[in-house]
Amino acid sequence: MDQGPGTATAGSFISLSENEQRCYSGLCTLCQADSSGKLAASKVGELFRASQLPVETLHQITELCGAKRLGYFGTGQFYVALKLLAAAQSGLPIRLESIKSELPLPRFSGMKNDGEVLLPNHSQNSDAQVLQAGATPTSATRVTADRGNFRQAESCAEKQEPRSPSLSPISSPPGSPSSYRGYTHGAQRNGTETLAGQLPRGPGWSFAQPDGSSPSHYGGKPSLEHPTIPQAHSVERLVDHSAEDYHDNPWRITEEQREYYTNQFKTLQPDLGALILGAVAKNFFTKSKLPIPELSHIWELSDVDCDGALTFAEFCTAFHLIVARKNGYPLPDTLPPTLLPGFVEQDGAPQKPVSEEAFFGVNQQSAEPAAPEKAEPLISFEDTELVPAQQEKNKLEIQAPLAELTTSKQELREEPSKSVFSPKRVSKVLDKPAENVNRVAERPDPPHELDPHMRSRTRPRSYSSTSIDDAMKKNEEPPTPPPRPQKTHSRASSLDLNKLFQQSGQGLKSGWLPPPPALPPRPLATQIPHFIPATEKRSQNAVQQPNFADFSRFREEEESSAKAEEQAKHSQVSASTEDIGPTKPEGVLSQPPQKPFRRKYRPESQILEPATPTPVPPTPSYAPTSAPSAGGTKSSQKLPSRQKKEIQTAIRKNKEANAVLTRLNSELQQQLKDVHQERITLESQLQVLRPVAFM
Amino acid sequence: MAVCIAVIAKENYPLYIRSVPTENELKFHYTVHTSLDVVEEKISAVGKALVDQRELYLGLLYPTEDYKVYGYVTNSKVKFVIVVDSSNTSLRDNEIRSMFRKLHNSFTDVMCNPFYNPGDPIQSKAFDGMVSAMMVQAC
């Protein structure tokens with residue numbers, strides 16, 4: 001390369017590399033589902049798709065960059081892949097040598113960000129230079145610089161999730177790093193949806209045609225690709241496998257749960273890197289009210305290094321086990337791989353304030369509904385903690401813990417929390433690139449990595465059956481849904497007459513009984529004029545209105561009721577008592593209780609008097625019924641059974657109504673007393689204020 | 001093969017005792033109990049000497065015609081006793097030592113568990129597993 005372009009490229013290379021770095025790091029953060037350093041394969045797949053390269057090309061790229069080999073996209077692999085994408089887009093064969101030369105930034109279609117548009121433009125100069133370059137001495141310098149970049153990127157990538165390149169159809173917005181956070185939400189959600197679609201397609205990837213249809217000019221790629229193809233397949237299968245299990249695995253810690261655990265850890269030990277002493281942990285876990293032997297077992301499982309203290313990872317594990325246990329899952333004999341501290345450590349978690357007591361209280365609540373959830377998390381299983389991949393698809397939830405961690409609820413909350421979680425993760429990743437570099441060395445075994453990667457990748461997915469719970473939230477624990485609102489009304493709010501009349505069986509609670517279906521509603525029409533529309537119970541008006549008509553009818557029939565007296569007293573009594581039932585509550589509820597009360601009581605007293613044949617006001621609408629009943633009674637001899645049944649039902653209902661009314665009565669009496677007392681106090685105050693005048 | 005493994009507390013009551021299921025397991029319990037005397041004798045033999053001078057591994061406590069009894073004492077006066085069947089090809093000393101080492105490690109792990117109160121019977125599953133492995137495998 002001539003020096004001009006060489007220097008220019010060198011200069012621009014530096015800037016381009018910075019640019020590349022910026023872009024790549026931005027894309028990295030976009031693709032990262034968590035801060036463990038591993039890229040979400042779904043995001044990566046989306047990105048790759050957005051590059052509008054053929055599938056085979058993308059496969060080659062993934063294989064080349066080493067993601068296939070590793071089973072996931074680390075930062076380094078991702079950067080290499082991006083460079084390969086750029087190479088492919090610029091028409092270069094996809095080889096590792098291609099990335100040594102300066103490349104434009106990969107272009108992704110469907111990107112909304114202007115930054116992305118600018119970057120390719122910026123790099124077009126170098127693009128031309130690249131085309132000219134080939135293997136040149138200047139490219140050598142670029143190579144070294146590139147490699148430096150690459151190494152750094154690679155080091156950053158250590159802790160990233162393993163993601164097989166998922167080719168989700170949704171194109172993720174690349175954006176500039178500043179806008180990545182905004183896009184991460186959508187990307188994550190999209191990733192969630194596409195993940196499901198992606199998995200079945202994974203095995204469908206045809207590696208069979210690496211060279212055939214790829215428009216890129218690959219020459220002899222097959223040699224490079226073939227060895228990686230079986231790896232890719234196995235990775236795919238593993239991905240599918242673990243991704244499928246992710247939903248149902250109660251031994252996975254959901255992000256929500258992890259946040260909760262992190263918060264709890266901080267309450268015990270502000271430094272996330274420090275240890276929680278055994279005594280402290282013991283006191284804390286004892287609050288979960290699990291039996292000590294189980295807690296001891298949980299400790300044994302989670303304290304992997306057996307030092308008598310819990311690291312953050314161990315703490316999460318222990319907490320998760322507790323959550324799962326609270327949700328009803330039997331404790332495993334050995335630690336499930338997904339709960340290994342090595343696995344756990346890869347995930348950082350933002351904090352959310354949660355009260356410990358709330359957690360445990362919720363825990364218990366969740367334990368009761370228990371059931372089929374985890375979530376715990378995530379949270380059934382009786383099997384195999386040892387083979388998480390084969391665990392049954394019981395619901396998890398614990399947890400998020402517990403019934404609160406119930407997985408169903410966790411699932412529900414997982415979705416909203418993910419969107420909140422992802423930007424935090426992105427920000428965290430962006431803020432601590434150095435931290436990632438330092439954590440290069442931590443590399444659990446590839447299988448473990450695969451699990452966490454799968455987990456983190458599938459994490460955005462909601463549990464189909466909801467964990468933990470169990471298992472985990474469940475339940476576990478931890479993410480415990482708020483306590484269920486009481487279904488029962490308080491007295492003040494229960495007096496919704498309309499509602500009550502529509503419902504049956506709530507009479508006792510609310511003091512109302514629905515009118516007996518067999519009989520027309522007993523109106524309080526006679527009393528309505530005396531009523532002041534209740535301020536407390538507005539519904540009464542509505543109820544009274546329909547009754548008003550009845551009451552008027554009632555009055556009319558009052559006179560005719562006298563005729564009905566002769567009729568079987570039973571029918572009268574029953575009808576009247578029934579009538580009283582609905583009327584009484586209405587009357588009772590009216591604010592000025594005097595007249596209506598008296599009225600009600602009068603008829604009631606009258607009715608209750610066994611032998612009173614006096615025309616009972618409440619027998620108004622009785623008239624129509626009494627007439628038939630009278631007729632019926634006349635012919636009662638002919639149909640005694642039917643009447644008896646009616647009478648019995650009426651009696652029953654009246655008794656219920658009586659019970660309700662007496663209760664209401666007592667309550668109202670109490671209110672009356674209170675009001676009297678208030679009046680007395682007010683009067684005394686008044687006297688105090690005017691002592692002289694009244695002496 | 002270890003026929004019986006016992007962990008004796010400092011106060012000479014058993015924290016953990018487990019033997020191969022036979023018709024007369026009580027015999028092993030009795031053997032372990034009587035071996036405690038020998039253990040006491042050995043650890044008191046050092047007298048006022050510092051604990052460091054006393055080796056943890058006590059070696060063969062006493063042989064009978066049916067089995068041999070080995071002892072091990074920790075610095076906290078917790079005693080491990082292993083009863084080995086004599087009919088088996090005699091185990092090398094190293095093997096016995098390794099067995100005791102494993103026991104000691106597992107016991108330490110149990111102690112590390114904050115939920116375990118020293119003096120309680122050992123109910124750790126991990127410990128059980130380790131002991132079972134020794135009883136089945138050691139030959």
Side-chain angles (χ1 to χ4, degrees), chain A residues 264-265 268-269 274-315 317-319 321-322 324-326 329-336 339-341 360 382 384-386, chain B residues 2 5-11 13-18 20-21 51 56-57 72-80 97-138:
Chain A
Q264 295 300 314
F265 188 96
L268 296 175
Q269 172 70 265
L275 299 174
I276 291 184
L277 295 179
V280 174
K282 175 183 177 181
N283 294 334
F284 179 79
F285 288 136
T286 309
K287 292 182 200 168
S288 69
K289 298 190 175 56
L290 282 178
I292 296 291
E294 291 187 6
L295 288 172
S296 177
H297 184 56
I298 287 174
W299 176 279
E300 273 181 26
L301 288 177
S302 43
D303 190 11
V304 178
D305 49 359
C306 291
D307 55 355
L310 294 179
T311 64
F312 172 65
E314 293 170 345
F315 177 86
T317 306
F319 214 121
L321 286 169
I322 288 179
R325 186 76 188 109
K326 276 253 159 213
Y329 288 109
L331 287 177
D333 285 335
T334 60
L335 200 58
L339 283 179
L340 282 175
F360 280 118
E382 277 23 49
T384 105
E385 305 79 2
L386 298 179
Chain B
I5 292 174
V7 177
I8 316 292
K10 176 179 174 183
E11 294 80 14
Y13 63 88
L15 293 175
Y16 180 90
I17 182 162
R18 178 135 163 229
V20 166
V51 175
L56 301 179
Y57 175 67
Y72 182 98
V73 142
T74 67
N75 288 332
S76 57
K77 299 288 197 305
V78 174
K79 307 160 187 71
F80 299 123
R97 284 180 188 267
S98 70
M99 285 165 68
F100 276 124
R101 208 173 303 121
K102 279 193 282 183
L103 265 176
H104 197 171
N105 288 336
S106 297
F107 180 74
T108 311
D109 292 342
V110 169
M111 277 293 168
C112 280
N113 190 333
F115 296 102
Y116 170 79
N117 299 319
D120 292 347
I122 295 174
Q123 287 162 344
S124 155
K125 287 185 188 168
F127 194 84
D128 285 346
M130 188 270 308
V131 168
S132 306
M134 276 202 312
M135 290 175 60
V136 170
Q137 165 257 340

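Below, chain A is the first sequence line, B the second, and so on; all start at residue 1.
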Has the side chain of B:Asn113 got a donor or acceptor atom that lies under 3.5 Å from a matching backbone atom of A:Trp299?
no
If I take atom NZ from residue B:Lys125 and atom CG from residue A:Leu301, how far apart are they, to the nearest 0.5 angstrom?
8.0 Å
With a 4.5 angstrom heavy-atom cut-off, could you sort out which part of A:Asp307 is near chain B: side chain, backbone, both or neither?
backbone
If you compare all heavy atoms of B:Pro114 against all heavy atoms of A:Ala279, which two are closest, and at what distance to 0.1 Å?
CB-N, 4.2 Å
Under 4.5 Å, counting heavy-atom pairs only, tell me which of A:Ala281, A:Gly278, A:Pro293, A:Ala309 racks up the most with chain B.
A:Gly278
Partner chain A: residue of B:Ser124, B:Gly129, B:Ala126 with the largest heavy-atom pair count (under 4.5 Å):
B:Ser124
Shortest non-hydrogen separation from B:Phe115 to A:Ile292 and the atoms involved:
O-CG2, 3.7 Å
Does any heavy atom of chain A fall under 4.5 Å from the side chain of B:Asn117, the backbone, both, or neither of them?
side chain
